[in-house]
Amino acid sequence: MNESTSHPISPRVRFASDLEHHRKNSGLSLVALGTRMQCHPSLISHIERGRRPPTLDFAEALDHAFQLDQHFTTLFRQISHSPALGWFARWVEEVEPQAVILQSWDPLLIPGLLQTPEYARAIFSPMTPADQVEERVEARTRRLHIFDRPSPPVFLALIDEGVLHRPVGGPAVLVQQLRHLLELAQHPCITIQLVPVAAGCAAGMMSAFSLARLRGGAEVVSADSVLVGDVTSDHEAVARLKVRYNIIRADAHSQSASQRAIEDAVTTWAK
């Protein structure tokens, strides 16, 4: 497809296409290219097929392997700064992959990291240009791959109980999403706790936010609202949100009680 057409391909699709093109034109199998790049052939296959996002290290290794002048590195940076991904591109590409502990609070929705494609699509469709919806859905749902790592992060998700009664996308989409939550809650690194509506939770009414502790001890936060989002490692901002998170968690149901509430909601919505 020519990028001058009225429907140019995204940098992510271009990256995958160019990877396959350069590999085959060089007469290299996945195994041979993996040996040259010192990575597993399955990683190359997943990125080539668009199933996994590339990393900066991977892009640089491709440029070196094919003796290109930052071709793939440039495409990677275009992916990271794609308007369709929005402000959280830095969080997705730079923070989450380096995190050892992730904590999130969501007062209105299932957290993005745990959303099904259908649930995410229902969120994006009303307010996103049609040609960007699928890119945003894929960017959101592929984040779950961080739990496929040999040493995945610990993820503590606090969610307002009201999401169980908010049929985003319709009852069928919500039921599928809640069942997905129950499955994810079985992962040893994922803890999901609901904060009861009766708690009031004044500390959490301002916005959703996330905290991350990275390898080496650095801490980063992200916070978003309708009009703006931000990612920062500012010590004061991190400290404020850590205090707020602890206040919210003090009102949360236990993990087992939260699971029972989700199961009850599935039963109710599935009728």
Validation row: Val238, Asp234 side chains within 4.5 angstrom (heavy atoms)
no
Spatial distance of atom NE2 (His187) from atom CG (Leu144) [nearest 0.5 Å]:
8.0 Å
Do Arg49 and Glu20 meet the salt-bridge criterion of a basic N to acidic O distance under 4.0 Å?
no
Is the backbone N or O of Ala65 less than 3.5 Å from a side-chain atom of Arg36, with the two atoms forming a donor-acceptor pair by type?
yes
For the residue pair Gln177 and Leu114, what are the closest heavy atoms and their distance?
NE2-O, 3.0 Å
Minimum side-chain heavy-atom gap Met127-Ile123 below 4.5 Å
yes
Contact summary for Phe155 and Phe147, nearest pair of heavy atoms:
CB-CZ, 3.6 Å
For the student: nearest non-hydrogen atoms of Thr55 and Phe76, plus distance
C-CE1, 3.6 Å
CZ of Arg240 to CZ of Phe209: how many Å apart, nearest 0.5 Å?
11.0 Å
Are His180 and Tyr119, when compared by the centres of their aromatic rings, separated by less than 6.0 Å?
no
Please walk me through it: do Arg179 and Glu183 pass salt bridge (charged side-chain N to carboxylate O under 4.0 Å, His left out)?
CA-CA 6 Å; Arg179 286 174 173 160; Glu183 292 176 6; over 6 Å; no
Could you tell me whether the side chain of Phe72 reaches within less than 4.5 Å of the side chain of His22, counting heavy atoms only?
yes
Sequence neighbours left out, what pairs pass side chain to side chain donor-acceptor pair (under 3.5 Å) with at least one residue falling in residues 57-69?
Asp63-Thr73
Can you find a pair of side-chain heavy atoms, one from Leu68 and one from Leu62, that are under 4.5 Å apart?
no
Is Leu241 linked to Leu102 within one hydrophobic cluster, defined over Ile, Leu, Val, Met, Phe, Trp and Tyr using a side-chain heavy-atom separation of less than 4.5 Å?
no
Residues joined to Val31 in its hydrophobic cluster, side chain to side chain under 4.5 Å directly or through other members, sorted by chain and number, are none
Closest heavy-atom pair, Ile110 versus Gln115, reported as atoms and distance to 0.1 Å, is O-NE2, 2.8 Å
OG1/Thr141 to CD/Glu118 distance, rounded to the nearest 0.5 angstrom?
9.0 Å
Under a 3.5 Å distance rule, please check whether Ser26 uses its side chain to pair with a backbone N or O of Leu28 as donor and acceptor.
no
Separation between CD (Gln98) and CZ (Arg213), nearest 0.5 Å, reads 15.5 Å
N/O donor-acceptor pairs under 3.5 Å from side chains in residues 159-170, not counting sequence neighbours:
residue: Asp160; atom: OD2; partner: Gly162; partner atom: N; Å: 2.8
residue: Glu161; atom: OE1; partner: Val197; partner atom: N; Å: 3.1
residue: Arg166; atom: NH1; partner: Leu108; partner atom: O; Å: 2.6

Side chains of Arg244 and Trp105 in contact at under 4.5 Å (non-hydrogen atoms):
no
For Ile44 and Cys39, run side-chain contact (heavy atoms from CB on, under 4.5 Å): C-alpha distance rounded to whole Å, both residues' side-chain angles, the deciding distance at 0.1 Å, then the answer.
CA-CA 8 Å; Ile44 300 172; Cys39 70; 3.7 Å; yes
To the nearest 0.5 Å, what is the distance between CG on Leu158 and CD on Gln193?
6.0 Å
Show the numbers, then the answer: is there a side-chain contact (heavy atoms from CB on, under 4.5 Å) between Leu33 and Phe66?
CA-CA 10 Å; Leu33 181 56; Phe66 294 124; 3.9 Å; yes
State, to 0.1 Å, how close Cys189 and Pro153 come at their nearest heavy-atom pair, and which atoms those are.
CB-O, 3.3 Å
If only atom types and distance count, is the side chain of Glu48 paired as donor or acceptor with the main-chain N or O of Asp18 below 3.5 Å?
no
Could you pull out the closest heavy-atom pair between Asp106 and Ala208, with the gap in Å?
OD2-CB, 3.9 Å
Any pair counted as salt bridge (charged side-chain N to carboxylate O under 4.0 Å, His left out), so long as it reaches residues 248-271, sequence neighbours left out
none
Pairwise distance CD(Glu134) to OG(Ser125) - rounded to 0.5 angstrom:
7.5 Å
Any donor-acceptor pair under 3.5 Å linking the side chain of Ser258 with the backbone of Leu194?
yes
Quick one: does Val220's side chain get under 4.5 Å of Leu214's, heavy atoms only?
yes
If a pair satisfies side chain to side chain donor-acceptor pair (under 3.5 Å) and one of its residues is in residues 146-155, list it, with sequence neighbours excluded.
His145-Asp148
Are Met37 and Leu75 connected into the same hydrophobic cluster when the rule is that any two of I, L, V, M, F, W, Y join if their side-chain heavy atoms are below 4.5 Å apart?
yes
Quick one: does any side-chain atom of Gln259 pair with a main-chain N or O of Leu182 as donor and acceptor, under 3.5 Å?
no
Would you call Ile47 and Leu19 a side-chain contact if the rule is heavy atoms closer than 4.5 Å?
yes
Compare all side-chain heavy atoms of Leu211 with those of Ile101 and state whether any distance is below 4.5 angstrom.
no
Please, which pairs that meet ring pair (Phe, Tyr, Trp, His ring centres under 6.0 Å) have at least one residue in residues 238-271, sequence neighbours excluded?
none
